[in-house]
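A, B, ... follow the sequence lines: proteins, then strands. Residue 1 opens every chain.
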2 protein chains.
Amino acid sequence: MESGDLKKAGLKVTLPRMKVLEILETSNQRHMSAEEVYRALLESGSEVGLATVYRVLTQFESAGLVSRHNFEGGQSVFELQTGHHHDHMVCVKCGRVEEFTNEAIESEQRKIAEEAGHKLVEHSLVLYIECKDCQKS
Amino acid sequence: MESGDLKKAGLKVTLPRMKVLEILETSNQRHMSAEEVYRALLESGSEVGLATVYRVLTQFESAGLVSRHNFEGGQSVFELQTGHHHDHMVCVKCGRVEEFTNEAIESEQRKIAEEAGHKLVEHSLVLYIECKDCQKS
DNA sequence: ATGATGATGAGAAAGCTTCTCATTAATATA
DNA sequence: TATATTAATGAGAAGCTTTCTCATCATCAT
């Protein structure tokens with residue numbers, strides 16, 4: 001991803017926006033809170049305000065560059081949009097996040113909404129798990 | 001539901017707790033935020049503090065008397081536990097909430113976690129819809 | 001290079017929820 | 001039934017995440 005993507009999204013190419021994008025791309029965490037992005041920016045030597053991080057992440061969300069998830073715990077987490085839709089498993093002990101897709105569930109959801117007479121706009125599915133590593137210890 | 005249920009849950013039977021329970025039972029909204037419970041209490045003439053409402057709802061949750069949901073919008077909503085598990089559809093326009101159950105999705109979820117080597121602890125599934133009434137207008 | 005426009009940073013402020021602590025109420029005991 | 005013990009309550013302060021405000025600064029088109 002590069003500055004062209006920002007332009008395409010109708011966003012002016014600015015330093016803070018490129019830095020945030022860079023953090024999201026290079027971090028080894030795919031899912032980061034605004035605070036985590038902010039701290040990563042500081043550690044990488046970029047002076048970006050927290051308010052700007054929130055603003056930029058929200059704009060990226062509107063532009064479809066990132067998606068926001070509200071897992072339990074009060075903080076929103078953001079991840080780079082990969083193109084393909086997926087849902088998440090979150091470990092209740094260590095916080096680790098895994099992604100999965102399941103077409104059977106997807107189509108079942110559409111069916112449920114439809115049969116009730118409603119139009120499915122989006123959905124949020126999170127499986128809270130005890131991950132295999134946490135089960136050992 | 002009555003005072004016995006509080007005792008069974010290991011909770012001392014107090015006036016605020018009974019009042020909150022009463023609101024949850026008699027309100028025509030099955031899903032209420034703490035703030036809404038609080039206002040309903042005031043309107044019914046009960047002087048209960050907002051902090052107490054939060055405390056009591058959290059205790060009820062631990063006791064399994066109510067369940068808490070974090071729909072989009074920042075506010076938690078609470079509902080009386082009915083015994084049978086269900087998921088929710090929330091209208092993005094009017095906020096209306098409907099419940100549904102779907103065994104196919106449930107078993108698929110267990111399978112997904114299991115196949116990844118994890119233990120499913122709980123899950124959160126919310127379908128955001130445009131409800132049939134909001135589609136008309 | 002310059003001007004117009006939009007973005008940024010810092011701190012204030014908002015919104016929801018939890019905490020603190022002095023006061024009050026509820027249970028167990030006599 | 002009165003009393004002592006223990007827990008619950010209320011009010012406000014405080015915490016946490018997120019958004020807002022506004023003066024300053026950077027970006028893009030000319």
A:L6 CG to D:dC28 C1', in whole Å, measures 14 Å
In whole angstroms, the gap separating P of D:dT19 from CD of A:Q59 amounts to 11 Å
Rounded to whole Å, the OH-C1' distance (A:Y54 to C:dA12) equals 16 Å
Per nearest nucleotide of DNA chain D, the residue lying toward the 5' end, B:K12 or B:E47, is B:K12
Ignoring hydrogens and geometry beyond distance, is a side-chain donor-acceptor pair present between B:E36 and B:H31 at under 3.5 Å? no
Ranking D:dG10, C:dT18, C:dA10 by distance to the side chain of B:T58, first place goes to C:dT18
(Q) Any salt bridge linking B:E99 with B:R30? Criterion: basic side-chain nitrogen under 4.0 Å from a carboxylate oxygen. (A) yes
Does A:T14 make a side-chain N or O approach to OP1 or OP2 of C:dG6 shorter than 4.0 Å? no
Separation of D:dC28 atom P from A:R17 atom CZ, nearest Å, is 10 Å
Crowding at CD, B:E122 (>12 non-hydrogen neighbours, <6.0 Å): yes
The Watson-Crick or G-U wobble partner of D:dT30, with both key distances under 3.5 Å, is C:dA1
field: Electrostatic pair A:D133:A:K93 at N-O distance under 4.0 angstrom
entry: no
Which part of the nucleic acid, if any, lies within contact of B:S33, taking any heavy atom under 4.0 Å across all strands shown: a base, the sugar-phosphate backbone alone, or nothing? nothing
A:M18 atom CE is separated from C:dT8 atom C1', nearest whole Å, by 15 Å
Checking C:dG9, D:dT19, C:dT20 against the side chain of A:T52 (C-beta onward), the nearest is C:dG9
Atom CZ of A:R55 and atom P of D:dC20 are separated, to the nearest Å, by 10 Å
With the side chain defined as heavy atoms from C-beta on, A:A51 is closest, among D:dT9, D:dC20, C:dT17, to D:dC20
When rounded to whole Å, the CG to P distance for the pair A:L42 and C:dG9 reads 11 Å
Residue pair B:P16/B:V77 against DNA chain C: nearer the 5' end by closest nucleotide is B:V77
Residue pair A:T52 / A:R55, side-chain donor-acceptor N/O under 3.5 Å | yes
From CG of A:L57 across to P of C:dA7 the rounded distance in Å is 15 Å
